[in-house]
Amino acid sequence: MAGPARYSFIFSKVKAKESRLLSCEQLKSLLKAGNISELALQLAGTYYEEMFASEMEPEERERIIWEKDITLHKELIKHLKGREKKIVEMFLERYDLDKLKAILRVWFNKDKAGGVSWVSSDICFHFDTEKLPRAANINDFILLLKDTPYMKALAEAKSDFQQFNNLFYLEWALEKDYLKRTVSLIKTLPLSERAALMKIWGLEIDIANVSFILRTRKYYRGSKEFLQHHLISETGRIKEEDMQEAFLKDSSDLLEYFLSKLQIRSGEPPLLASSAGGEIEYLLFYILMQRARAALGGYPFSIAVVVAFLVLKYLETKNVISIFYSCLYGLDRTQKERLVIC
């Protein structure tokens, strides 16, 4: 593992920004907000106060915060070099992935507005946001991505998409490709740093695989062979064969099965989601946050600390945006609790 001196400056930058993260207690306090005005009052003086600086559409408020997160991310990249810089740049690509998925949904639904928005400026790659939503067909859409890594992933998923006419296959292809490319980059790091990062990234892969299994079981009824073809093999705590076994289990047995594989007692942490599938994903995100928090306090300092901070920042923003929309749509506190992980 690289010595602390190598990372001393970026360490101080991360620690300064860490101090502005919302605590779990603060997030839970936000659940008490009954409307947008009350939420704005609670977030005054925080990182998120710009969401409420003036009257604007909800999606514009959301975009402001994502753009702020991206700027923060890029600021940290400026202070890195070599493999470590490439790793953090790869984590920045997560925002490109979210942006491209939003564009795909607009294209598929033939909806040129409809309340869907995305970050307007380029992040890692250039997307023609005028032409992509208006592409005549999937082939034209893919060709517009010729200078990005996403072209190949979508091309490989095109036949499944055309057969079933569902974005699920395209979105999963993008997610799978991104996660696997990140693992390949992590493997170029020294062993100790690689192990520290995979404690976090392995869970990201577990979350993606579990989400894929739940959606496939519920909506697409894929065969075990289909599952084997699509699962990401570089798993974290849950092995590939365990994922395949979970695919064949009754829904009522899924939660206890995953709890046993994760070696966690039932009820720890408290599971608030409204279904077994939702509880499993909630549990994995909860563990991811705990691992990221542990890595953030790690020593000697390594690139895993930077990544842990960025993971926590990304999840925190998703939490705040979920609370914002729950206030906008008048959800009660019980409903809000199911949307927030901390």
Side-chain angles (χ1 to χ4, degrees), residues 2 4 6-22 43 46-51 53 56 59-103 117-129 132 145 147-150 174-175 177-179 181-186 188-189 193 196-197 200-201 204 288-289 292-293 295-296 298 301-321 324:
R6 179 179 179 183
Y7 294 111
S8 58
F9 184 75
I10 190 71
F11 176 80
S12 64
K13 297 283 288 186
V14 168
K15 283 300 178 182
K17 295 179 185 302
E18 178 194 356
S19 66
R20 297 202 67 189
L21 289 174
L22 301 177
L43 289 171
T46 74
Y47 180 91
Y48 299 96
E49 66 180 352
E50 290 178 38
M51 288 180 72
M56 63 187 84
E59 58 270 18
E60 182 62 24
R61 297 183 194 273
E62 180 180 352
R63 179 164 53 215
I64 283 172
I65 295 306
W66 286 127
E67 288 179 342
K68 191 171 181 179
D69 278 8
I70 290 164
T71 299
L72 180 154
H73 204 129
K74 288 182 175 180
E75 286 175 359
L76 292 178
I77 288 173
K78 290 178 184 177
H79 304 293
L80 292 165
K81 57 184 179 180
R83 288 177 298 194
E84 290 81 6
K85 181 178 181 179
K86 290 180 180 178
I87 290 288
V88 178
E89 285 175 337
M90 196 69 181
F91 279 80
L92 178 63
E93 199 182 313
R94 180 200 301 266
Y95 298 96
D96 256 348
L97 194 65
D98 291 343
K99 179 177 178 177
L100 184 55
K101 286 179 180 179
I103 295 171
S117 69
W118 46 74
V119 173
S120 56
S121 59
D122 290 343
I123 305 169
C124 297
F125 300 98
H126 173 69
F127 300 143
D128 190 327
T129 54
L132 281 166
L145 297 169
D147 296 321
T148 75
Y150 309 115
L174 291 170
E175 187 80 18
D177 170 72
Y178 169 67
L179 291 168
R181 284 189 292 112
T182 305
V183 169
S184 296
L185 193 54
I186 290 172
T188 67
L189 293 171
E193 295 208 22
L197 265 180
I200 298 172
W201 204 242
E204 293 270 15
L288 175 61
M289 292 190 79
R293 288 185 179 122
L296 198 53
F301 190 74
S302 78
I303 196 61
V305 177
V306 180
V307 170
F309 167 75
L310 293 170
V311 166
L312 288 172
K313 188 71 202 69
Y314 182 82
L315 293 176
E316 177 186 280
T317 296
K318 288 180 77 71
N319 272 332
V320 171
I321 289 172
F324 166 73

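Computed over heavy atoms, backbone and side chain alike; hydrogens, waters and symmetry mates excluded. All of these numbers come straight from a predicted model, not from anything done at the bench.
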Quick check for you: to the nearest 0.5 Å, what is the distance between [X] atom [atom1] and [Y] atom [atom2]?
| X | Y | atom1 | atom2 | answer |
| --- | --- | --- | --- | --- |
| S184 | L179 | OG | CG | 11.0 Å |
| L92 | L310 | CG | CG | 9.0 Å |
| K86 | T188 | NZ | OG1 | 7.5 Å |
| L76 | K17 | CG | NZ | 6.0 Å |
| R83 | L185 | CZ | CG | 9.5 Å |
| R63 | I70 | CZ | CD1 | 11.0 Å |

Looking at [Y] and [X], is there a salt bridge between them, counting it only when a charged N and a carboxylate O are closer than 4.0 Å?
| X | Y | result |
| --- | --- | --- |
| R61 | E50 | no |
| E75 | K78 | no |
| R181 | E93 | yes |

Stepwise, does the side chain to side chain contact (heavy atoms under 4.5 Å, CB included) test hold for L80 with I87?
-> CA-CA 10 Å; L80 292 165; I87 290 288; over 6 Å; no
So, [X] side chain and [Y] main chain: donor-acceptor pair closer than 3.5 Å or not?
| X | Y | result |
| --- | --- | --- |
| D147 | H126 | no |
| K85 | H79 | no |
| H73 | V88 | yes |
| E316 | L22 | yes |

| task | Could you check V119 against Y95 for side chain to side chain contact (heavy atoms under 4.5 Å, CB included), going step by step and ending with a plain yes or no? | result | CA-CA 9 Å; V119 173; Y95 298 96; over 6 Å; no
TODO: Test side chain to side chain contact (heavy atoms under 4.5 Å, CB included) on V320 and L43 and set out the steps.
DONE: CA-CA 10 Å; V320 171; L43 289 171; 4.1 Å; yes
What's the shortest heavy-atom distance between [X] and [Y], and which atoms?
| X | Y | value |
| --- | --- | --- |
| T148 | L145 | OG1-O, 2.8 Å |
| A295 | I200 | CB-CD1, 4.0 Å |
| V311 | E204 | CG2-OE2, 4.1 Å |
| A292 | A308 | O-CB, 3.3 Å |

Less than 4.5 Å apart, any side-chain heavy atom of [X] and any of [Y]?
| X | Y | value |
| --- | --- | --- |
| L21 | Y47 | no |
| D122 | D96 | no |
| I64 | M56 | yes |
| S12 | I10 | no |

Checking T129 now: which residues fulfil side chain to side chain contact (heavy atoms under 4.5 Å, CB included) with it, not counting sequence neighbours?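 Only K99, I103, W118, F127 meet the side chain to side chain contact (heavy atoms under 4.5 Å, CB included) criterion with T129.
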In F309, Y314, W201, the residue satisfying ring pair (Phe, Tyr, Trp, His ring centres under 6.0 Å) with F91 is W201
query = Do E67 and S120 pass the side chain to side chain contact (heavy atoms under 4.5 Å, CB included) test, and can you show the C-alpha distance, the side-chain angles, and the key distance before you say yes or no?
reply = CA-CA 9 Å; E67 288 179 342; S120 56; 3.4 Å; yes
| said: Can you tell me if K318 has over 12 outside heavy atoms packed within less than 6.0 Å of its NZ? | reply: no
>> For the residue pair R94 and Y178, would you count it as a cation-pi contact if the rule is NZ or CZ under 6.0 angstrom from the ring centre and within 45 degrees of the ring axis?
In response: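 No; the conditions do not both hold, so R94 does not lie above the ring face of Y178.
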Determine, using ring centers only, whether Y48 and F324 are less than 6.0 Å apart. no
- prompt: Would you say the side-chain atoms of K15 and S19 include a donor-acceptor pair closer than 3.5 Å?
  reply: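 The answer is no; no qualifying pair exists.
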